[in-house]
Amino acid sequence: MDVNSIKAYGTQAADAPLNQLNINRRYVTPHDVQIDILYCGVCHSDLHTARNEWPGTIYPCVPGHEIVGRIVSVGNHVTKFKVGDLVGVGCIVDSCRECEYCKDGLEQYCEPGMIGTYNSPDKHLNTHTFGGYSENIVVDENYVLRIPENLDLAAAAPLLCAGITTYSPLRHWNVGPGKKVGIVGIGGLGHMGIKIAKAMGAHVVAFTTSASKFAEAKRLGADEVVLSKDEQQMAAYRGKLHFILDAVSAEHDINAYLSLLRVDGSLALVGAPEHPLPVAAFSVIMGRKSFAGSAIGGIAETQEMLDFCGKHNITADIELINIQNINEAYERLLKGDVKYRFVINMASLS
Ligand code: NAP
Ligand code: ZN
Ligand code: ZN
């Protein structure tokens with residue numbers, strides 16, 4: 001197959017920094033579009049994968065699954081998009097399209113496995129997929145999203161992962177008016193969770209370990225904010241919440257949060273720490289509570305989320321960086337030191 005060699009940023013090993021390298025992209029096939037990447041958000045999953053914290057990283061690894069760009073070429077059977085369109089690509093670039101989950105729009109749970117934007121098998125090039133820290137990407141049109149015109153492009157990029165990963169469980173657990181919802185961990189995902197849950201009409205309680213985010217969480221839309229290290233503040237919410245979305249990237253005490261749920265309440269993990277989180281039996285037995293999880297969202301639901309964000313004028317609060325600063329950005333991400341999402345200006349890749 002014919003390929004284009006393009007510039008990208010990635011790493012050759014778990015303990016190596018990210019550097020510029022070249023990767024191959026396929027020529028557009030009849031159903032593909034080629035997208036010149038303008039912006040790419042920096043998700044904590046990029047860091048977990050680059051450093052092999054969830055074992056299974058294939059090197060070289062080029063992360064990035066919050067991609068916004070402009071279509072520069074379309075295959076001859078493409079019907080949904082044209083050259084010049086501003087579009088997005090999230091975490092999924094393909095799936096089997098035949099299993100019951102794909103047919104239900106739950107491509108993220110595809111039975112043989114979804115094809116992730118990076119670190120998945122690439123059937124076209126017999127290699128693995130490379131993500132958005134790169135000049136361009138070639139994607140089947142069925143896995144490409146439209147960005148609402150009123151949204152700032154750079155600030156919309158994080159919607160492609162952080163947005164859908166919070167929107168999907170908030171919808172699934174029927175968050176809305178009359179519901180008290182906790183959002184734990186005010187990073188890239190958590191700050192989107194606050195904005196989206198608020199726009200859905202819920203009463204939002206934000207939980208943070210960072211005193212510096214305490215006041216700001218209200219600006220993001222939280223009705224109440226709790227410093228989670230303060231046991232007295234935590235105790236005031238015992239048995240009060242209908243639903244908790246936990247977006248923490250590292251080890252933390254899950255039982256402390258389960259105790260805040262009402263009877264029949266649910267806690268859904270979206271944060272994916274490297275090590276297991278112990279759950280005490282009585283944390284869920286008493287109160288018939290559910291401890292659950294959720295992965296990103298399907299393609300149709302991602303478009304629904306983008307349209308919802310367009311309607312409510314929701315984007316991420318971002319810090320725009322050049323690709324050359326990505327290693328420093330990862331270190332800051334580890335310290336919770338970002339308000340609230342790094343987005344790479346891909347024009348810096350030269
Ligand atoms: P992030 O921007 O780094 O945010 C994580 C937040 O967790 C931090 O801002 C901090 O919030 C809190 N935190 C960090 N270390 C902590 C610790 N030791 N104890 C307590 N709280 C801590 O990361 P992100 O990009 O939002 O991603 C969050 C997690 O979700 C990652 O594990 C990521 O891989 C995962 N993820 C999952 C999916 C999915 O489909 N399920 C999709 C995308 C990402 P405070 O400062 O407010 O405490
Ligand atoms: Zn992500
Ligand atoms: Zn499938």
Side-chain angles (χ1 to χ4, degrees), residues 40-51 53-54 63-67 90-92 94-118 131-132 157-169 183-194 206-214 216-217 220 222 225-229 245-254 256-257 268-275 277 292-299 302 316-319 329-342:
C40 186
V42 179
C43 180
H44 207 114
S45 304
D46 299 353
L47 188 159
H48 288 307
T49 307
R51 298 188 178 179
E53 289 175 358
W54 306 327
H65 57 204
E66 293 182 339
I67 299 168
C91 307
I92 311 175
D94 208 349
S95 63
C96 84
R97 309 174 196 212
E98 288 168 358
C99 73
E100 63 174 299
Y101 302 114
C102 280
K103 285 183 177 158
D104 268 359
L106 294 169
E107 295 89 348
Q108 73 274 36
Y109 306 123
C110 172
E111 252 176 52
M114 70 165 200
I115 304 300
T117 305
Y118 56 81
L159 300 180
L160 276 311
C161 176
I164 184 59
T165 302
T166 50
Y167 180 89
S168 183
I183 306 284
V184 185
I186 313 307
L189 265 57
H191 97 290
M192 290 310 310
I194 293 175
F207 293 86
T208 183
T209 59
S210 306
S212 73
K213 297 177 186 170
F214 193 84
E216 286 181 38
L220 295 171
V225 191
V226 177
L227 204 52
S228 52
K229 293 170 184 163
L245 188 69
D246 182 331
V248 175
S249 54
E251 281 61 62
H252 59 293
D253 181 8
I254 271 300
Y257 289 101
L269 271 189
V270 286
E274 182 180 1
H275 301 295
L277 301 165
S294 181
I296 47 174
I299 297 298
T302 304
D317 286 29
I318 65 164
E319 185 177 331
Y330 277 14
E331 291 310 311
R332 285 184 52 197
L333 202 56
L334 280 177
K335 292 187 216 141
D337 174 26
V338 49
K339 289 178 178 166
Y340 285 86
R341 193 58 135 189
F342 291 117

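As the structure lists them, so they are numbered: ligands from 1, and atoms in each ligand from 1.
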For this session: Please report the closest heavy-atom contact between Ala250 and His252, naming both atoms and the distance.
Result: O-ND1, 2.8 Å

Exercise. Below 4.0 Å from any atom of ligand 1, is there a heavy atom belonging to Ala162?
Worked result: no

Problem set entry | Short side-chain to backbone donor-acceptor contact, Glu66 and Cys43, under 3.5 Å | no

Exercise. Would one find an N or O of Trp54, backbone or side chain, under 3.5 Å from an N or O of ligand 1?
Worked result: no

Seminar exercise, completed: The closest protein heavy-atom partner of atom 45 (P) of ligand 1 is Thr208 OG1, 3.3 Å

Problem set entry | Beyond-backbone contact of Met114 with Ile296, side-chain heavy atoms, under 4.5 angstrom | yes

Seminar exercise, completed: Counting from 1 in the order shown, the ligand 1 atoms closer than 4.0 Å to a non-hydrogen atom of Ala250 are 15 (N), 16 (C), 17 (C), 18 (N)

Problem set entry | Flag side-chain contact, heavy atom, 4.5 Å: Val248 against Thr209 | no

Exercise. Do Cys91 and Leu160 have side chains that get closer than 4.5 Å, going by heavy atoms?
Worked result: no

Seminar exercise, completed: Per-atom filter on ligand 1: closer than 4.0 angstrom to a heavy atom of Cys161 are 42 (C), 43 (C)

Exercise. Where does His48 meet ligand 1, judged by heavy-atom distances below 4.0 Å: at the side chain, the backbone, both, or neither?
Worked result: side chain

For this session: Over all heavy atoms of both residues, which pair between Gly185 and Ala247 is shortest? Give the atoms and the distance, please.
Result: O-CB, 4.1 Å

Exercise. At a 4.0 Å threshold, what atoms of ligand 1 neighbour a non-hydrogen atom of Ile296?
Worked result: 39 (C), 40 (O)

Exercise. Using 4.0 Å as the upper bound for N to carboxylate O, is an ion pair formed by Arg51 and Glu331?
Worked result: yes

Exercise. Tell me, do Thr208 and Leu227 make a side-chain contact under 4.5 Å, heavy atoms counted?
Worked result: yes

Exercise. What protein atoms of element N, O or S are positioned under 2.8 Å from the Zn ion (ligand 2)?
Worked result: Cys43 SG, His65 NE2, Cys161 SG

Exercise. For ligand 1, is there an atom lying under 4.0 Å from some heavy atom of Gln108?
Worked result: no

Exercise. Nearest protein heavy atom to atom 1 (P) of ligand 1, by residue and atom, and its distance?
Worked result: His44 ND1, 3.7 Å

Exercise. Taking N or O atoms only and a 3.5 Å limit, does Ala295 qualify as a polar contact for ligand 1?
Worked result: no

Seminar exercise, completed: For Ala206 and Ala222 the tightest heavy-atom approach is CB-CB, 3.9 Å

Exercise. Would a 4.5 Å heavy-atom cut-off, applied to side chains only, mark Ser212 and Lys339 as touching?
Worked result: yes

For this session: Kindly say whether Val338 contributes a backbone atom to a donor-acceptor pair with the side chain of Arg332 at under 3.5 angstrom?
Result: no

Exercise. Of all the non-hydrogen atoms in the protein, which one sits nearest to atom 2 (O) of ligand 1, and at what distance?
Worked result: Gly188 N, 2.9 Å

Seminar exercise, completed: of all protein heavy atoms, closest to atom 21 (N) of ligand 1 is Val248 CG1, 3.3 Å

Exercise. Mind checking whether Asp46 and Tyr118 have side chains closer than 4.5 Å, heavy atoms only?
Worked result: yes

Problem set entry | Heavy-atom check, side chain of Glu100 versus side chain of Glu111, under 4.5 Å | yes

Exercise. Among Glu216, Glu251, Arg332, Lys213, whose heavy atom sits nearest atom 8 (C) of ligand 1?
Worked result: Lys213

For this session: Report yes or no: does Thr117 contribute a side-chain atom to a donor-acceptor pair with the main-chain N or O of Gly90 at less than 3.5 Å?
Result: yes

Exercise. Relative to each other, are the rings of His191 and Tyr340 parallel, tilted or perpendicular (30° and 60° limits)?
Worked result: parallel

Exercise. Which ligand 1 atoms are under 4.0 Å away from a heavy-atom of Leu333?
Worked result: 2 (O), 3 (O)

Seminar exercise, completed: Counting heavy atoms under 4.0 Å, the part of Ser294 that contacts ligand 1 is backbone

Problem set entry | Atoms named by residue and atom, protein N, O or S, within reach of the Zn ion (ligand 3) (under 2.8 Å) | Cys96 SG, Cys99 SG, Cys102 SG, Cys110 SG

For this session: Tell me which protein heavy atom sits closest to atom 37 (C) of ligand 1, plus the residue, atom name and distance to 0.1 Å.
Result: Val270 O, 2.8 Å

Problem set entry | Heavy atom of the protein closest to atom 48 (O) of ligand 1 (residue, atom name, distance) | Thr209 OG1, 2.5 Å

For this session: Grab the two heavy atoms, one from Ser228 and one from Tyr257, that are nearest each other, plus how far apart they are.
Result: CB-OH, 3.0 Å

Exercise. Which protein non-hydrogen atom lies closest to atom 11 (O) of ligand 1, naming both residue and atom, and how far is it?
Worked result: Ile186 N, 3.2 Å

Seminar exercise, completed: Which of His48, His275, His44 passes side chain to side chain donor-acceptor pair (under 3.5 Å) with Glu53? It is His48

For this session: State if Phe342 counts as touching ligand 1 under the rule of any non-hydrogen atom under 4.0 Å.
Result: no

Exercise. Backbone N or O of Gly298 within a donor-acceptor pair of the Gln108 side chain at under 3.5 Å?
Worked result: yes

Exercise. Can you find a pair of side-chain heavy atoms, one from Thr166 and one from Ile183, that are under 4.5 Å apart?
Worked result: no

Seminar exercise, completed: Closest heavy-atom approach to atom 28 (C) of ligand 1 among Ala268, Ala247, Gly271 is made by Ala247

Exercise. At what distance is the nearest protein heavy atom to atom 26 (O) of ligand 1, and which residue and atom is it?
Worked result: Leu189 N, 2.8 Å

For this session: Classify the contact between Thr165 and ligand 1 as side chain, backbone, both or neither, using a heavy-atom distance cut-off of under 4.0 Å.
Result: side chain

Exercise. Is the OH atom of Tyr101 crowded by more than 12 outside heavy atoms at less than 6.0 Å?
Worked result: no

Exercise. Do side-chain atoms of Ser168 reach the backbone of Thr165 as a donor and acceptor pair under 3.5 angstrom?
Worked result: no

Exercise. Based purely on interatomic distance, does Gly190 place a nitrogen or oxygen under 3.5 Å from a nitrogen or oxygen of ligand 1?
Worked result: no

